[in-house]
Amino acid sequence: MSDLPTFVQGLPKAELHLHIEGSLEPELMFELARRNRLDLPFRSVEEVRAAYAFGNLQDFLDIYYQGAGVLRTEEDFKDLALAYFRRVAADGCRHVELFFDPQTHTDRGIPFAVVADGLLAGMAEAETSLGVGSGLILCYLRHLDEDAAFPPLRMAEPYLDRILGVGLDSSEVGHPPSKFARVFRASRERGLKLVAHAGEEGPPEYVWEALDVLGVDRIDHGNRALEDPKLVERLVADGMTLTVCPLSNLKLCVVDDLAEHPLKRMLGLGLKATLNSDDPAYFGGYLGRNWIATADALGLTKAELVTLAKNSFTGSFLPPETVQARLAEIDAYASSSAYSQ
Ligand code: ADE
Ligand code: ZN
């Protein structure tokens, strides 16, 4: 008999919703502050962790942008990425499509190349030393003007062969996807995939706009789509992937209790949901913890866990032959595992 943590650890899976700046652990925050001779408004790691009590998305974003201020050099970004990859390699993660927020760094004078080169160096090392592959998704900050999203797209030009796509993150309510129609069109014209946070705190209309105005390939979160049966029907018909983040939803009060999380309901409706960590250093768990805590709270079956693992690859931007190989590995693993639930 294999237990749930053992089964989950061995299950091949991908992470499709991860903000690399959200993997900055307080220990590394202090180390980078020391290395870069910066003062932090906290005296200890414990004090930082005690500040991680959020009533909503904005409470979190305020502290998240402040934390990112310790990231200054290429080496900092590489160390940040590698620390994250070591954690998820231990969780049995094989592939990550990670978000980064260039404007958070360029707006405080850090060159785009420092951020991108540092992250790409960490990603390359993770592939060779840990066997975790990855791709980068450049996110536009939606609380800023659409005009402010064009410079990062321009700065990304020399990196287009190493960037999978663009996304839309930060404060959702009051900043609908349609505000970014032009920059998403320009991004698509450059051959980039498109994703957007929608329906985390914002209404179902934002999910409709992400689909119909931006033409996204994937929806990040999407929880509030469940309020609109026609939208659910559309998402199912399109086979649209939702990158769902249960521990994030709990920490940001999108749900009051993990046992009330809609993930199982989404699967039951035929939605192509995946399980992800969002900002693991802030929300109490990396990929493995999200899988185990959610499976426990919702009583996810072995078949549902297998579906989630398969969705994480079929919803990825990996080449079709790699996806097929991972699906075969998942089937082989599931049929050979003694885990039954
Ligand atoms: N940036 C980092 N995490 C985010 C989230 N969960 N929603 C929107 N923007 C984010
Ligand atoms: Zn997110």
Side-chain angles (χ1 to χ4, degrees), residues 14-25 29 52-69 71 80-81 84 88 96-105 107 115 119 135-144 148-149 152 164-177 179-180 193-203 206-207 209-210 214 216-225 241-255 261-263 273-287 290 312 315:
E15 172 141 78
L16 305 180
H17 187 151
L18 176 279
H19 302 263
I20 197 63
E21 294 91 345
S23 72
L24 177 62
E25 290 288 343
M29 194 187 292
Y52 293 175
F54 314 115
N56 55 36
L57 174 60
Q58 194 58 51
D59 284 354
F60 154 69
L61 290 170
D62 293 342
I63 208 157
Y64 159 90
Y65 293 128
Q66 184 183 61
L71 296 159
L80 175 72
Y84 162 75
V88 286
V96 183
E97 296 181 358
L98 56 136
F99 299 134
F100 74 116
D101 288 340
Q103 289 156 288
T104 299
H105 312 299
D107 287 1
V115 182
L119 294 176
L136 266 185
I137 298 179
L138 181 167
C139 282
Y140 302 123
L141 295 182
R142 70 199 303 160
H143 66 275
L144 302 177
L164 284 177
V166 300
L168 187 64
D169 68 0
S170 191
S171 322
E172 186 181 6
V173 175
H175 305 285
K179 179 177 157 185
F180 295 88
K193 298 285 189 190
L194 309 179
V195 302
H197 283 55
E200 180 184 18
E201 286 187 345
Y206 285 20
V207 180
E209 283 192 8
L214 302 186
V216 294
D217 299 292
R218 220 156 57 198
I219 295 281
D220 296 314
H221 294 293
N223 299 47
R224 291 196 58 194
T241 300
L242 306 181
T243 63
V244 181
C245 307
L247 288 179
S248 162
N249 294 158
L250 185 64
K251 266 290 208 182
L252 300 185
C253 306
V254 170
V255 296
H261 193 278
L263 182 69
T274 61
L275 227 169
N276 308 274
S277 71
D278 207 1
D279 299 282
Y282 293 87
F283 299 153
Y286 286 76
L287 190 60
N290 269 272
S312 75

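FYI, the numbering just counts along the sequence from 1. Keep in mind that what you see is a predicted model, and the values were worked out from it rather than measured. In listed order, ligands and their atoms are each counted from 1.
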Worksheet item: Ignoring hydrogens and geometry, is there a side-chain-to-backbone donor-acceptor pair from E200 to E172 under 3.5 Å?
Response: no
Item to complete: State whether the side chain of E21 and the backbone N or O of D101 hold a donor-acceptor pair below 3.5 Å, judged by distance alone.
Response: yes
Item to complete: Taking the side chain as every heavy atom from C-beta outward, state whether R218 and I137 have any atom pair closer than 4.5 Å.
Response: yes
Discussion item. If I only include protein atoms of type N, O or S, how many are less than 2.8 Å from the Zn ion (ligand 2)?
Written reply: 4
Worksheet item: Where do Y282 and F60 land on the ring-ring contact (aromatic ring centres under 6.0 Å, His included) test, with the steps shown first?
Response: CA-CA 8 Å; Y282 293 87; F60 154 69; 5.3 Å; yes
Discussion item. Measuring centre to centre across the rings, with the benzene-like ring taken for any Trp, is F99 within less than 6.0 Å of H197?
Written reply: yes
Discussion item. Against ligand 1, does G22 come closer than 4.0 Å with any heavy atom?
Written reply: no
Item to complete: Could you list which atoms of ligand 1 come closer than 4.0 Å to a heavy atom of F60?
Response: 2 (C), 3 (N)
Worksheet item: When you measure from the side chain of Q103 to the backbone N and O of A148, does any donor-acceptor pair fall under 3.5 Å?
Response: yes
Worksheet item: Taking N or O atoms only and a 3.5 Å limit, does S248 qualify as a polar contact for ligand 1?
Response: no
Worksheet item: In terms of residue, atom name and distance, what is the protein heavy atom nearest to atom 4 (C) of ligand 1?
Response: H19 NE2, 3.5 Å
Discussion item. If the contact criterion is a heavy-atom separation under 4.0 Å, does H221 count as touching ligand 1?
Written reply: yes
Worksheet, complete the sentence: atom 6 (N) of ligand 1 has as its nearest protein heavy atom D278 OD2, 2.7 Å
Discussion item. Quick one, V195 and I219 - any side-chain contact, counting heavy atoms below 4.5 Å?
Written reply: no
Worksheet item: Should the proximity of F99 to ligand 1, defined as any heavy atom under 4.0 Å, be assigned to the side chain, the backbone, both, or neither?
Response: neither
Worksheet item: Hey, is L57 touching ligand 1 through its side chain, its backbone, both or neither, going by heavy atoms under 4.0 Å?
Response: side chain
Worksheet item: Between the side chain of N249 and the main-chain N/O of V254, is any donor-acceptor distance below 3.5 Å?
Response: no
Discussion item. Among N276, T241, T243, exactly one meets side chain to side chain donor-acceptor pair (under 3.5 Å) together with H17. Which residue is that?
Written reply: T243
Practice prompt. Please assess Q58 against D62 for the test side-chain hydrogen bond (donor to acceptor under 3.5 Å, both in side chains), listing each intermediate value before the final yes or no.
Written response: CA-CA 6 Å; Q58 194 58 51; D62 293 342; 2.9 Å; yes
Item to complete: Answer side chain, backbone, both or neither: which part of E172 comes under 4.0 Å from ligand 1, heavy atoms only.
Response: neither
Item to complete: May I ask whether L61 has any heavy atom positioned less than 4.0 angstrom from an atom of ligand 1?
Response: yes
Worksheet item: Is E97 salt-bridged to K193, cutoff N-O under 4.0 Å?
Response: no
Worksheet entry | Side chain, backbone, both or neither: the part of E200 lying under 4.0 Å from ligand 1 by heavy atom | side chain
Response to the item:
ligand 1 to D279, heavy atom cutoff 4.0 Å, flagged ligand atoms 2 (C), 3 (N), 4 (C), 6 (N)
Worksheet item: Side chain of H261, backbone of L263: donor and acceptor closer than 3.5 Å?
Response: yes
Item to complete: If you have a sec, work out which protein heavy atom is nearest atom 9 (N) of ligand 1 and how many Å separate them, to one decimal?
Response: S170 N, 2.8 Å
